[in-house]
Amino acid sequence: MLEHNPHIRLRTSPHIRVPQSVDTIMRHVVYALLPVCAFAIWQFGLSAIALLVVCVAVCMATEQVCCKLAGRPSTLSDWSVVITGILLALCLPPGFPLWMAAVASIFAVAVGKSFFGGLGYNVMNPALVGRAFAQAAFTVPITTWTPSMVAGRFSSFIPTTLTPPFLKPEPIADWAAQLSDGFTGATPLALMKFQGIQTDAMELFIGTTAGSYGETSALLILLCGLYLVVRRMMSWQIPVSMLGTAFLTSWAFYLLDSTAYPTPWFTLVSGGLMLGAVFMATDMVASPVTPLGIWIYGAFMGFVTVIIRLFGGLPEGVMYAILLGNAISPLISRVTQPRIFGEAKPKPAAS
Amino acid sequence: MQPDSLSFIFLNAFLINNFVLSMFLGLCPFLGVSGKISTAWNMGLAVIFVMFVSSTCAYGINALLVRFNLEFLRLICYIAVIASAVQLVEMAIKKISPALFRTLGIFLPLITTNCAILGLALFQTFRDYSFVQCLAFSAGAGGGFTLALLLMAGLREKLDLADVPDVSMGAALSLMLAGLLSLAFMGFAGLGG
């Protein structure tokens, strides 16, 4: 007796199901950030581990408390707050006191995100809000740099890391000078801006220079970004247009006067441009939603970055460029809104 | 750039020392009329216009007051003359161009004695700007005010549908947005200097 066993299964569309939800994407962004974190730990040792742990833990705790205060279910499980913590830690300078990092983390999550209703409503990238707050509140520690690849980095902290809460960190110049001969406590960007010394672009590309925890290796950041782009979890247009515009703008100035302005390659691989363009500017919530809009958004940020770097009072402008980009993105979305299919072109208003 | 060149004066008032976001002048219209982009734009135009009127008037009165050694009357003269000049211009617009009046009209009385307007007049006096410099300064200040207002309106329209917690509804949200915008504008500090 043959049982009726159909070999064709009939199903309605959609036939291809990709279980891609917010927490899947966010989890993969965290995976993509892990190599950058590992490189930071290898370069800066114990202090990097401590700072990453503190930032992520404080961000998560703040999110939990804010959810509780607002009477909402906890949103820790969507991983977005972990990204905020990691990104904030990666854009702080080595040896940044832990208590200040904790304050910046609280500000980033509470004011940058939870205040506006949590994930999906944050108007600016929360990590950068925290960073900008730290820049305004703790001006000296956030511009103090220490050399990378210090000999005893896995056995002792950078002295300023463990500053007790609410105290100013001790000056660190002597400590840094005795470790590495000729270290002046300046990043390649600051050397370029204030003394006109240009660091070799290749060194910057690989990442063996001074700088914030996570911004040193352009190569690694690009590879991690590529992973996300291949998995279709990040729009490639924003980094391409931001880096492209930064390159072209700085090339134009370089052609005008090659002694005063850095080469475009230097602009591309120095400072936080790579980290910002790949991981921060691509924040899904705070970028425009129209296809043309994201190109304009990227170009705007690339341009502002170069302008602030070359003519501003600060050596680095990526953070402010991205915050301004976030601020202007609703306007960009509005201006570049595509016409609804089938809609008639608006007639010029009768005057 | 030279500190007294026209382009620097314009840029300084437009971005670096933006009247709203770095000097915190004119916050009441900034918070009050930034709910929608279209109203924000009209308000911005009205501010630019009043800034030009006020700058021109203040330049004239100052010359007069200095001539008669009456500098101590500056503040009160500025307020009275600017407010009445704007009212007169408003009446003229109402008569000549009703369409323009409908766009700007309701905003003009709101800002005639605003601190941003008076601030502009006082700054240009204290910095001894020439007449052309005054015009560049008021164009920059008005443009910067409009820019801030538009950015704020864009963000607020975006947050209209947001699921905002109870504590941050309304004025708190606007003030916090203004603070974040101001943080972002700190990046322009020292530009061109």
Side-chain angles (χ1 to χ4, degrees), chain A residues 66-67 69-72 107 110-112 114-124 126 128-137 139 285-286 288-289 304-305 307-335 349 351, chain B residues 1 7-8 11-12 15-18 21-22 34 36-38 40-41 44 97-100 103 146-170 172-193:
Chain A
C66 287
C67 284
L69 286 179
R72 296 176 178 195
F107 191 87
V111 176
S114 298
F115 193 83
F116 297 108
L119 182 68
Y121 303 119
N122 49 310
V123 289
M124 292 175 184
L128 284 179
V129 170
R131 174 67 162 75
F133 172 76
Q135 176 101 43
T139 32
V285 186
V289 288
V304 173
T305 304
I307 293 297
I308 294 183
R309 272 191 192 177
L310 296 184
F311 304 106
L314 301 163
E316 176 61 306
V318 173
M319 167 177 74
Y320 292 114
I322 297 176
L323 286 175
L324 290 166
N326 291 161
I328 210 172
S329 79
L331 293 180
I332 297 179
S333 297
R334 191 184 158 100
V335 171
S351 55
Chain B
M1 269 187 277
S7 51
F8 184 75
L11 203 66
N12 186 37
L15 292 177
I16 306 162
N17 286 316
N18 187 293
L21 295 176
S22 23
S34 57
K36 280 174 67 187
I37 294 180
S38 49
W41 173 244
S97 164
L100 185 63
T103 317
T146 314
L147 176 74
L149 210 55
L150 281 177
L151 288 177
M152 181 78 169
L155 294 177
R156 278 179 70 175
E157 274 195 0
K158 187 179 175 181
L159 283 174
D160 266 352
L161 297 174
D163 183 16
V164 174
D166 294 342
V167 279
S168 47
M169 293 257 188
L173 194 74
S174 314
L175 281 168
M176 206 55 94
L177 276 178
L180 290 186
L181 274 180
S182 174
L183 260 186
F185 260 67
M186 281 173 61
F188 290 122
L191 204 66

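Quick caveat: nothing in here was measured; it's all calculated off a predicted structure.
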Between atom [atom1] of [X] and atom [atom2] of [Y], what is the distance when rounded to the nearest 0.5 Å?
X: A:Ser333; Y: B:Lys158; atom1: OG; atom2: NZ; value: 7.0 Å
X: B:Asp163; Y: A:Leu119; atom1: CG; atom2: CG; value: 12.0 Å
X: B:Leu151; Y: A:Ser329; atom1: CG; atom2: OG; value: 10.0 Å
X: B:Leu161; Y: A:Tyr121; atom1: CG; atom2: OH; value: 8.0 Å
X: B:Leu11; Y: A:Phe311; atom1: CG; atom2: CZ; value: 11.0 Å
X: A:Asn122; Y: B:Leu159; atom1: CG; atom2: CG; value: 9.5 Å

Which one, B:Leu177, B:Val167, B:Asp166, leads in non-hydrogen pairs under 4.5 Å with chain A?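 The residue among B:Leu177, B:Val167, B:Asp166 with the greatest pair count is B:Leu177.
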Of the non-hydrogen atoms in [X] and [Y], which two are nearest, and what is the gap between them?
X: A:Phe115; Y: B:Leu173; result: CE2-CA, 4.0 Å
X: B:Ala184; Y: A:Tyr320; result: O-CD2, 3.4 Å
X: A:Ala136; Y: B:Leu183; result: CB-CD2, 4.1 Å
X: B:Gly154; Y: A:Pro330; result: O-CB, 3.5 Å

Quick check on A:Ile307 against chain B: is it the side chain, the backbone, both or neither that has a heavy atom closer than 4.5 Å? both
Checking A:Ser114 against chain B: side chain, backbone, both or neither under 4.5 Å from a heavy atom? backbone
Starting from the C-alpha separation in whole Å, work towards a yes-or-no answer on side chain to side chain contact (heavy atoms under 4.5 Å, CB included) for B:Leu180 and A:Phe116. CA-CA 12 Å; B:Leu180 290 186; A:Phe116 297 108; 3.7 Å; yes
So for [X], is it side chain, backbone, both, or neither that comes closer than 4.5 Å to the heavy atoms of chain A?
X: B:Ile37; value: side chain
X: B:Ala99; value: neither
X: B:Ala189; value: backbone

So B:Glu157 and A:Arg334, do their side chains get closer than 4.5 Å, heavy atoms only? yes
Looking only at heavy atoms and a cut-off of under 4.5 Å, which of A:Leu323, A:Leu331, A:Ile308 has the most pairs with chain B? A:Leu331
